[in-house]
Amino acid sequence: MPGQTDLPPHVRRLVDEIESEIGETSVAVDEISGDTGRVGHAAGDGDGHAGPNGRVEAAVEQILREIGEDPDRQGLVGTPERVHRMYTELTAGYHVDPDRLINNAIFDVRYSEMVVVKDIPFYSLCEHHLLPFFGTAAVAYIPRGRVIGLSKIPRVVEMYARRLQVQERLTQQIADFLQERLEPQGVGVVLEATHLCAVMRGVRKPGTIMTTSAVLGLFRTRDRTRAEFFAHLDRPASGA
């Protein structure tokens, strides 16, 4: 994986947004102001994501020809470059530094009741068809004397969502990350999403929602804890 300063400016900005709080010093600031001389590679040269060598653009152009289009017509002239840029943005999560995301925002607090953050929007790409799936995430944990800053949980979701994914793995990755970093008494994660691969192609069933869950610790071993978590999910948000 390339270093943090090897990313194109638009990807570096996205990574920086996920990692940083408002007001923190931003790596992207230098790039926005014109200091882009150090940017040498596109997202993920070393892990299968093509750099600025024209390979992605050439592949997109070939796809356009294969489906019977003319890549040289006016509306498509810039499409290969736009597609390359789009995919580097949508997969920016590969380049997020988890330590910089957390940024020491784990605090010792004498609290041992459930913490729930829900209705977190996310957008990801199905790795089977490269079509989007999107929805909301609900994340809960029971602290063991340590809590994480509120804004970090949506950022963790974003970090894993901006990758090629399947919903089941995305759900588990979020849960495992919090379990590893906080060592809480338990973690629960539920994702609900619409998959365009099921809406636009294949079975073509608009309105289909996929729900996945991952439960660790007390959420797995104690029925009462798991029931409390799902009860929170059924409760409408304040003002809804």
Side-chain angles (χ1 to χ4, degrees), residues 17-19 21-22 93 96 98 101-127 131-163 165-199 203 205-240:
E17 287 173 6
I18 297 170
E19 292 178 344
E21 300 289 348
I22 294 174
V96 174
L101 184 156
I102 296 298
N103 193 29
N104 298 317
I106 295 177
F107 310 102
D108 295 330
V109 177
R110 294 182 61 185
Y111 186 80
S112 58
E113 300 300 322
M114 190 179 299
V115 176
V116 182
V117 184
K118 63 181 185 177
D119 298 327
I120 304 169
F122 72 88
Y123 301 86
S124 192
L125 281 177
C126 167
E127 65 183 31
L131 284 173
F133 67 95
F134 53 91
T136 59
V139 180
Y141 69 98
I142 300 176
R144 197 191 306 270
R146 305 170 76 208
V147 300
I148 189 170
L150 171 61
S151 73
K152 302 304 181 181
I153 292 179
R155 294 173 192 274
V156 170
V157 174
E158 183 86 348
M159 173 176 66
Y160 287 116
R162 282 188 179 266
R163 303 179 180 190
Q165 281 287 12
V166 295
Q167 185 175 328
E168 297 90 337
R169 182 174 64 232
L170 172 59
T171 309
Q172 192 67 52
Q173 286 176 329
I174 296 166
D176 288 343
F177 182 89
L178 292 174
Q179 184 69 32
E180 176 187 342
R181 296 288 174 146
L182 294 178
E183 298 181 341
Q185 299 181 66
V187 176
V189 178
V190 170
L191 268 57
E192 293 186 331
T194 296
H195 291 245
L196 292 190
C197 58
V199 172
V203 296
K205 295 296 183 182
T208 301
I209 301 294
M210 180 176 179
T211 301
T212 50
S213 64
V215 287
L216 304 173
L218 291 183
F219 286 81
R220 176 178 292 275
T221 61
R222 186 182 294 175
D223 293 343
R224 185 178 62 186
T225 300
R226 190 164 57 252
E228 180 185 346
F229 174 41
F230 288 116
H232 280 298
L233 303 189
D234 290 337
R235 188 176 299 121
S238 177

S.K.: Side chains of Ile102 and Phe177: closer than 4.5 Å at any heavy-atom pair?
M.R.: yes
S.K.: Between CG of Leu182 and CD1 of Ile142, what distance do you get to the nearest 0.5 Å?
M.R.: 12.5 Å
S.K.: Give the intermediate values and the outcome of side-chain contact (heavy atoms from CB on, under 4.5 Å) for residues Leu101 and Met159.
M.R.: CA-CA 9 Å; Leu101 184 156; Met159 173 176 66; 4.1 Å; yes
S.K.: Return yes when atom CD of Glu183 has more than 12 non-hydrogen atoms of other residues, nucleotides or ligands closer than 6.0 Å, and no otherwise.
M.R.: no
S.K.: How long is the span from the CG atom in Leu216 to the CG atom in Leu178, to the nearest 0.5 Å?
M.R.: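 Nearest 0.5 Å value for the CG-CG distance: 9.5 Å.
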S.K.: For Leu125 versus Pro132, what's the shortest heavy-atom pair and its separation?
M.R.: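 Minimum heavy-atom contact is CD2-N, 3.9 Å.
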S.K.: Return the OH to CD distance between Tyr160 and Gln172, rounded to the nearest 0.5 Å.
M.R.: 11.0 Å
S.K.: So, do Ile153 and Leu150 sit near enough that their side-chain heavy atoms are less than 4.5 Å apart?
M.R.: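 Ile153 vs Leu150: side chains apart.
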S.K.: Distance check, rounded to the nearest 0.5 Å: Leu170 atom CG versus Arg162 atom CZ?
M.R.: 13.0 Å
S.K.: Below 3.5 Å, can you tabulate the donor-acceptor pairs from side chains in residues 185-199 to any protein atom, sequence neighbours excluded?
M.R.:
residue : atom : partner : partner atom : Å
Gln185  : NE2  : Pro143  : O            : 2.9
His195  : NE2  : Gln167  : OE1          : 2.7

S.K.: For Thr212 versus Met210, what's the shortest heavy-atom pair and its separation?
M.R.: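 Heavy-atom minimum between the residues: CG2-CE, 3.8 Å.
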S.K.: Which distance, rounded to the nearest 0.5 Å, do you find between the CD1 of Ile209 and the OG1 of Thr211?
M.R.: 7.5 Å
S.K.: I'd like to know if the side chain of Thr136 reaches the main chain of Asp119, judged simply by a donor and an acceptor atom lying under 3.5 Å from each other, with no hydrogens or angles considered.
M.R.: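 Pair absent, no side-chain N/O of Thr136 close to backbone of Asp119.
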S.K.: With salt bridge (Lys or Arg N to Asp or Glu O under 4.0 Å) as the criterion, how do Arg155 and Glu17 come out once you've worked through the C-alpha distance, each side chain's angles and the decisive distance to 0.1 Å?
M.R.: CA-CA 9 Å; Arg155 294 173 192 274; Glu17 287 173 6; over 6 Å; no
S.K.: Let me check something: any side-chain donor-acceptor pairs from residues 104-116 under 3.5 Å, sequence neighbours excluded? List them with distances.
M.R.:
none

S.K.: Is there side-chain contact between Glu127 and Arg169, with heavy atoms separated by less than 4.5 Å?
M.R.: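 Yes, close enough: below the 4.5 Å cut-off.
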S.K.: Grab the two heavy atoms, one from Arg226 and one from Thr221, that are nearest each other, plus how far apart they are.
M.R.: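 It is NH1-N, 4.5 Å.
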S.K.: List the steps and the verdict of side-chain contact (heavy atoms from CB on, under 4.5 Å) for Arg235 and Lys118.
M.R.: CA-CA 11 Å; Arg235 188 176 299 121; Lys118 63 181 185 177; 4.3 Å; yes
S.K.: Please round to the nearest 0.5 Å and tell me the distance separating atom CZ of Arg163 and atom CD of Gln173.
M.R.: 6.0 Å
S.K.: Could you tell me if the side chain of Tyr123 sits less than 4.5 Å from the side chain of Glu158, heavy atoms only?
M.R.: no
S.K.: Keeping to residues at least two apart or across chains, list the ring-ring contact (aromatic ring centres under 6.0 Å, His included) pairs with something in residues 205-225.
M.R.: Phe219-Phe229
S.K.: If you look at every heavy atom in Tyr141 and Ile148, which pair is closest and at what distance?
M.R.: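 Looks like OH-N, 3.1 Å.
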